[in-house]
Amino acid sequence: MLPVVGYALTGLAFVGAAWSLALLVLDRRLDDPLFWLLAALEAGLLAQLIGGSVALAVSERVGIDGVTFVGYQITAAAALPVAVAWAASERTRWGVGVLLVACLTVAAMVQRMLQVWQG
Amino acid sequence: MGPGRVLVAVYGVFALSATARSVVQIADSFGTAPAAYTLSAVAAAVYLVATVALAGRGATARLVAWGAVSTELVGVVAVGTWTVLDPNLLADETVWSAYGAGYGYVPLVLPVLGLGWLWRTRRGGTEPAAGASDRT
């Protein structure tokens, strides 16, 4: 995988987490800017899933745990929509709390992807 | 569910990651650390049960949640203390080793929050209606 993509995804996830935290503190609900930010993050995670899997397939490096790597990519890309759906069914401020957890989890999973890719 | 939804989300993350890690450990190299990997599998099962029970409704779900979260607290304290006193006890890390230090001590904090949540929302408790006054 391209490290720069990993850093960009991590950055987006942290911005999403900070935004979610701000909404939680201010007692607001999911707003348009956060929604589009999460949509961009999801698009990036899907691109990572495709690009990373192709890179894994064509790479001749040894020592990469491919199952774990692809597992993180799939889980990260799947986790965000699930979290948004789970958050949307909560009418109190705690819905964005779920998004906060999701963004931090995505950031952690992208870090693990980078580590696994290093071998 | 209010703040309980965030709790369930964190439990879900731990259930998922502990299960995935445990499956990889057991499928890959069970023989190198059978005790640690069995413990990982037990911890994963406890997180799965706790997540489903905390997300569920009704008296049975609550009872199961009390049991699972209590088991989790006893597990992380017992395994944590044991591995701190004897770091060479287990041949590999588990989610509960050193009180969950490898996971930012979340495994130690989570059951405390879980028990607090179950206590606060018990029947006759002080849990307000959704959105009414859950300012913190």
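Quick note on labels: first sequence line is chain A, next is B, and so on, each numbered from 1.
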Atom CH2 of B:Trp82 with >12 non-hydrogen neighbours under 6.0 angstrom: no
ILVMFWY network linking A:Leu24 to A:Leu30, side-chain heavy atoms under 4.5 angstrom: yes
Non-neighbouring partners of A:Phe69 that pass ring pair (Phe, Tyr, Trp, His ring centres under 6.0 Å), sequence neighbours left out: A:Trp117
Set of residues satisfying side-chain hydrogen bond (donor to acceptor under 3.5 Å, both in side chains) with respect to A:Trp86, sequence neighbours excluded: none
Shared hydrophobic cluster for B:Leu39 and B:Val23 (ILVMFWY, side-chain gaps under 4.5 Å): no
Co-membership, hydrophobic cluster, residues B:Tyr47 and B:Val74, 4.5 Å side-chain: no
For chain B, which residues of residues 39-60 of chain A have heavy atoms nearer than 4.5 angstrom: none
Contact residues of residues 97-110 of chain A (partner chain B; heavy-atom separation under 4.5 angstrom): A:Gly97, A:Val98, A:Val101, A:Thr105
Residue B:Arg57 excluded, over 12 heavy atoms near CZ under 6.0 Å: no
Which atoms of A:Ser89 approach chain B - backbone, side chain, both or neither, heavy atom under 4.5 Å: both
Interface moiety of B:Val10 toward chain A, non-hydrogen atoms closer than 4.5 Å: both
CZ/B:Phe30: more than 12 non-hydrogen atoms of other groups inside 6.0 Å: yes
Within one Ile-Leu-Val-Met-Phe-Trp-Tyr cluster: B:Val8 and B:Val64, side-chain cutoff 4.5 Å: no
same_hphob_cluster(B:Leu54, B:Leu16) at 4.5 Å side-chain heavy-atom cutoff: no
